[in-house]
Enquirer: 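Have a look at this one before I ask anything.
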Number of protein chains: 6
Amino acid sequence: MLKLGIPAGSLQEATGELFRRAGYDIRFSSRSYYPNIDDPEIECLLIRAQEMARYVEKGVIDAGLTGYDWILENRADVHEVTELVFSKVSRRPVRWVLAVPNDSPIKTIKDLEGKRIATEVVNLTTDYLAKHGVTADVEFSWGATEVKPPKLADAIVEVTETGSSLRANNLRIIDEILQSTTRFIVNKKAWGDSWKRTKVENLVLMLQGVLDAEGRAGLMMNVHRKDLDEVLEILPAMGRPTISQLADDEWVALMTVLEESQVRDLIPKLRLSGARDIVEFPLSKIIT
Amino acid sequence: MLKLGIPAGSLQEATGELFRRAGYDIRFSSRSYYPNIDDPEIECLLIRAQEMARYVEKGVIDAGLTGYDWILENRADVHEVTELVFSKVSRRPVRWVLAVPNDSPIKTIKDLEGKRIATEVVNLTTDYLAKHGVTADVEFSWGATEVKPPKLADAIVEVTETGSSLRANNLRIIDEILQSTTRFIVNKKAWGDSWKRTKVENLVLMLQGVLDAEGRAGLMMNVHRKDLDEVLEILPAMGRPTISQLADDEWVALMTVLEESQVRDLIPKLRLSGARDIVEFPLSKIIT
Amino acid sequence: MLKLGIPAGSLQEATGELFRRAGYDIRFSSRSYYPNIDDPEIECLLIRAQEMARYVEKGVIDAGLTGYDWILENRADVHEVTELVFSKVSRRPVRWVLAVPNDSPIKTIKDLEGKRIATEVVNLTTDYLAKHGVTADVEFSWGATEVKPPKLADAIVEVTETGSSLRANNLRIIDEILQSTTRFIVNKKAWGDSWKRTKVENLVLMLQGVLDAEGRAGLMMNVHRKDLDEVLEILPAMGRPTISQLADDEWVALMTVLEESQVRDLIPKLRLSGARDIVEFPLSKIIT
Amino acid sequence: MLKLGIPAGSLQEATGELFRRAGYDIRFSSRSYYPNIDDPEIECLLIRAQEMARYVEKGVIDAGLTGYDWILENRADVHEVTELVFSKVSRRPVRWVLAVPNDSPIKTIKDLEGKRIATEVVNLTTDYLAKHGVTADVEFSWGATEVKPPKLADAIVEVTETGSSLRANNLRIIDEILQSTTRFIVNKKAWGDSWKRTKVENLVLMLQGVLDAEGRAGLMMNVHRKDLDEVLEILPAMGRPTISQLADDEWVALMTVLEESQVRDLIPKLRLSGARDIVEFPLSKIIT
Amino acid sequence: MLKLGIPAGSLQEATGELFRRAGYDIRFSSRSYYPNIDDPEIECLLIRAQEMARYVEKGVIDAGLTGYDWILENRADVHEVTELVFSKVSRRPVRWVLAVPNDSPIKTIKDLEGKRIATEVVNLTTDYLAKHGVTADVEFSWGATEVKPPKLADAIVEVTETGSSLRANNLRIIDEILQSTTRFIVNKKAWGDSWKRTKVENLVLMLQGVLDAEGRAGLMMNVHRKDLDEVLEILPAMGRPTISQLADDEWVALMTVLEESQVRDLIPKLRLSGARDIVEFPLSKIIT
Amino acid sequence: MLKLGIPAGSLQEATGELFRRAGYDIRFSSRSYYPNIDDPEIECLLIRAQEMARYVEKGVIDAGLTGYDWILENRADVHEVTELVFSKVSRRPVRWVLAVPNDSPIKTIKDLEGKRIATEVVNLTTDYLAKHGVTADVEFSWGATEVKPPKLADAIVEVTETGSSLRANNLRIIDEILQSTTRFIVNKKAWGDSWKRTKVENLVLMLQGVLDAEGRAGLMMNVHRKDLDEVLEILPAMGRPTISQLADDEWVALMTVLEESQVRDLIPKLRLSGARDIVEFPLSKIIT
């Protein structure tokens, strides 16, 4: 039995959707913290992303999904199986930055000596300061951290995507402490167990198969043999095309996989080179 | 003209969606109980699932979709064409159970002699009691049945999926009376009419084609001829694969249909056996 | 750089969705009237459909999407590249009609001489009256035009789809002034610039590729060679099928594209003629 | 202890509000059917209006609020303490009417002989028919009764306020069977118990005090003694004014209670007659 | 019969609420443009604020509520009965301003010569320019006017309350063209009719009575005769207090009307001067 | 200038409403943590209730509203001016309890020795354990604490009102650690400043004036002199009634303030004793 932590909260729905597309029917109930999954060898448990690494390290659960930031904050000794860049929305990593008021005299990390810093990630911030040989008073913040300076704190360490919330609060970024993405982590002892390791590797293979299919599409077309070389030259090396013989010996059918963002540039060229009856269709998984 | 009953209420949207995916553009209007359908040979009518069988039996409509429970409750003499397990949500059947308060002295059906039972399915309950030789006072309940014991009733017969509402009201299940799924039913005289029967059979063919595609996916892959036998052995008998010759004579392209729940187990094996460029794509209908 | 006008308001979301499916990642922000697009050669600008043609004509933007009605209302001299019938909802064109109260003595256009007409399209209405040699007082209406007769106006010129709003206000249609669909328009000077023209043509090719795939589906099946002619006869001429040779020489695989509304009629016939393992799958784009 | 039934559903919130304004802090919880009330001598129970009279008659509860229609439908032998016309929305009584399709040959009650009538109030309808010496097949309807004719029923007995739903379904009213308002009912045995009777009478006194204050307002003004008679003549007899002496012997202060709908007519007259510093203030209860 | 125009749209609900508090039960229906009012001598009609003055001037309606801005934009010749500053939200008047991009070379009205100005108020803008001897191209804007400069217009005339939307779009105010509040207007001929004039005056008396009570409260207190002068000195002249004799000759009861914003400052002073049992209560109308 | 902390989150709206009723127009903006208040001598700051006491103690703000629980959790040395039992919803104090799974062997506090306890109030829990001489591992919990036992914790300390969430998670209460209500706290140094102290006292006077009016109502009635003694005996001592002389010397008018919950008991008695024309009216503030 593999005990698997699913991140509760903002990542929950996206994770559920990813698993479902990977072939695992996972269901949440508003009344239970034990999501149902249709694999009798897996037991799911909803856990806050902030606490996930802690429970994986302790072996309360074997594996889980969480952010790289919270692995570090928990100073957790766990095995990272893979990075999951899942869902277009969060394709860019979140950034933890050190920020001060626009009109603060603080210019560099060194200026933080003896100052008060408010943050949700106390350990991460403390480790960062130690690395730079700075001693400061790091205070845990319950939220709304960005409104605390200058009255309630001299500086903050806060997560940001576009920086707009920082700007809205008249804050200036001094340094980027960390970029963080989602990780699939495993307890080290569990990783040493060969059954659990294979179980995890197969699960990750399917999750990555789904993510690799995101933003890609299948393309089918008919090509006259005389145009085949020109058409093949246009297609990117990556998408090894499958060429099938048609009943009419003069023509072949060609099937390939492309980035959706390439399609709009390639189709006009393919047509010019003689491709006909071009059809694009959606894909669910790609395993190369 | 085929007069077809669509179940109003909780099944309405799922039924509409099923028909649309089967190729019938059915539209509901909040103001009318006669949904529009783009087949001039079919006339649709919204009817409560509870009353459907009654009106099919009487010939007011030729055919309709309803639950097995309400067919029995109506004691209706109709022809069942097929069971439709449509939409993942309702894949498990609903259960009608007999329940009493946790601290009730009632332990078995026999203990119900002379007691008061509240339920929405009076006939079904009466028939069940008669079968067990028990006489009790069966009262029709307008709803919120599960809160009635012990003050307003000694026992209830109520529908349940997970049993959580029963537990929340401190009720204990004594017996399961019925499991019920959705059925496509036809009036017996209409079933004898060859035009109506063919019309129904073609409609059901498409509905089942959609339902058979639910939870299934297409899989394409390239296989070297030397690995073909091993790969074919892995694939389940059901999904007769289509094997096309590629331009490179050493390789073939293989296309098959699989249960989505199998995909997660088969892909690791297929890769081990030499399958390459595995691509999964969604399906809309399957007719074998 | 191509400056492209996106219609703000009711068409905005549908236009964004169309572009995304065509391979252009367009994003709206509630704070900006300059949507982001992931093509550095295109600059987008949100403009009301009512004003689009005015700004295309003046060259403030190179191209844009708007309704035929508003091109006429602005009396704009622009080049129409194509008609875009995009999204099932608006597949039928909107109609601008002349309407009067059911009990009005006005029967024909001629009876409007000297009357008061309320409308959002003052120029369009004035041109229409001039064409029929009628002089009337055309007043600009800020909205809710259909409730104005008979107190606030003798007649109205108003847009309608099903006519239900007119009927609900006891209005009778006297004449249809215009049918209007969405158009892709270009500034005449920009159309003369060969880089801008190719840019527009490739963009329109992809947009039409998406629209052509709407309401169509792919169909794959296996057919024995002896049944091939009969099966091919059933398929409509339009969907030139692709026939691939299978490993078993006696059988071929057949792939074709069909209207979804034909599928429900063709599948029963295909099965009777010997087609097996019929699979329907969704399409994203079709370029023939 | 007085066991009191509160009508669940559409009247629940209005009833709760009425009690709160009468000085009883009643609280509903989405999880419990036993509302809390801050009077230890009263125990509340949420019960459907349809079933209320049944449980009052049986003595399961001592008293309750329900509609006159459902008292009759249950043929319940209970004591009606008062009629509560509570909340402006429902100030006009609901009407139960007998309706048939516009084009039905049925013109009078007599024409119903042998016909099928669908209704939620089977007993009420049966009694009504018996009174007119008509025999018909009265069927219980689960709802959406007004869409049943002509296919599923020849006539219906249905509740209506404005008749608009009937008109929308092309139905014509043949007769009004009943007008119904909310009643406060008591079990007959409980009414004979002097403690319970006093408890109920005091509760009803407060509920009526609130309802009597609805739509009324207090009016204070200063009047010179010489104008007093003229001012008093203007005020309606009902609102016995309180006249206090002011420090300045020439003037008096006058306080009275008026219908809000009278205020707009009386204030201009009062001013003409010499009233000054007129102030209107809201009232919570009136007990005369 | 008085025909009264109620402004449709953003002012509709606030107007309805004002009338209801003034004693007129006005009801809107989503299906009708003729609101019901419980005064048989008044007929209401929903009309856009933009068009109200036009129809009052033509005599299609006798009276109506609209903004001063739209009276001017329609260049309507009507009688203004009163200014209604109704509802706290809109207590400050809306402002129409002339604005240009922050970095525009345009500094004064004179710099607009020959420029393009976008606005919803074409006439108001044209009149304003004429008054300053400037000629410019004034274009009607269908909305989102503030995002048009600098691409689609050189300057705009737009409504603003706090200026935040202008700042967000990098616009700078050059001049304020108009301040506008809500007005009660009457057709000049109707104003000459004595019945209609009295009807309007009484209606306006009640509307103003409600508005005068907004933000005011009643205050009652007991004062010993020896403290009376000191207490009276604290109270503002405006709120002529009513002084009643109490049973105990040494004490009087004092009732007065105050601004709510004064209460918090006066109560501590009143207590210091000997006022006791101070009670504040809400008011519905004040007519002095 | 008084710096005042307003509790962000669940108490925010209730606090804003309380201030508005006290005569202070306080406005929140979703974009700012500095609410506007119409008193130039007060500066407001939104702060989480959890952190309020910490910042008052440090003098970052002069005063604030927060819960007694969070004062203790912060071990803050501040001056408590008053307890504010504001808003009916939270009239009963929140309770922090120690709970374990129903089937846990833990029966008393002593059994917690060496166990793991999850809670949001680590200090409060640690102090409580120390008082009982117990050593345990107290872990900070990010939320959803009640679902942690038994897998993630042996016991929890959690806030509860009705205990229903605990029951739903099969938890049993072992001990109540604390009851907590809202407090108005002031920094000790600020309390020594006479301007700030008077400012706080006047503000609290108004807040308490509002809270004292909650649940109370004004009662006016006319009483014949012969019945006056009996009526006065019924009225509770607290509500010193005001007795005014009426024009008719035989009668007096009586005005008093009562608990709403008393009104329902007193009115029947008052009527029996001869009170007439009893009118109840709402109050906004009471300062005795």
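The chains referred to below are lettered A, B, ... by the order of the sequence lines, with proteins before strands, and numbering in each begins at 1. Please read these numbers as outputs of a predicted model, since none were measured by experiment.
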Enquirer: Tell me the residues of residues 36-45 of chain C whose non-hydrogen atoms fall below 4.5 Å from those of chain A, in number order.
Expert: Asp38(C), Asp39(C)
Enquirer: Assess whether atom NZ of Lys189(C) is packed by more than 12 heavy atoms of other residues, nucleotides or ligands within 6.0 Å.
Expert: no
Enquirer: Which bit of Leu283(C) is near chain A, if near means a heavy-atom gap under 4.5 Å: side chain, backbone, both or neither?
Expert: both
Enquirer: Tell me, side chain or backbone of Phe281(C) under 4.5 Å from chain A's heavy atoms, or both, or neither?
Expert: side chain
Enquirer: Applying the side chain to side chain donor-acceptor pair (under 3.5 Å) criterion to Asp62(C), which one of Lys196(C), Lys199(C), Lys3(C) satisfies it?
Expert: Lys196(C)
Enquirer: Verify the distance criterion only: is there a donor paired with an acceptor across the side chains of Thr145(A) and Glu120(A) at less than 3.5 Å?
Expert: no
Enquirer: Can you find a heavy atom in the side chain of Val78(C) that is under 4.5 Å from one in the side chain of Val186(C)?
Expert: no
Enquirer: Quick one: what part of Ala253(A) sits under 4.5 Å from any heavy atom of chain C, side chain, backbone, both or neither?
Expert: side chain
Enquirer: For a side chain to side chain donor-acceptor pair (under 3.5 Å) with Arg216(C), tell me which candidate from Gln262(C), Glu259(C), Glu260(C) qualifies.
Expert: Glu259(C)
Enquirer: Between Trp251(C) and His224(C), what is the ring plane arrangement, given parallel below 30°, perpendicular above 60°, and tilted in between?
Expert: perpendicular
Enquirer: Could you check whether any side-chain heavy atom of Leu11(A) comes within less than 4.5 Å of a side-chain heavy atom of Leu65(A), counting everything from C-beta outward?
Expert: no
Enquirer: Where does Met221(A) contact chain C at under 4.5 Å (heavy atoms): side chain, backbone, both or neither?
Expert: neither
Enquirer: Start with the C-alpha gap between Arg225(C) and Glu250(C), add the side-chain angles, then the distance that decides, and say whether salt bridge (charged side-chain N to carboxylate O under 4.0 Å, His left out) holds.
Expert: CA-CA 6 Å; Arg225(C) 284 195 184 276; Glu250(C) 297 291 293; over 6 Å; no
Enquirer: Quick check for you: among Asn222(A), Val252(A), Asp265(A), Asp248(A), which has the greatest number of heavy-atom pairs under 4.5 Å with chain C?
Expert: Asn222(A)
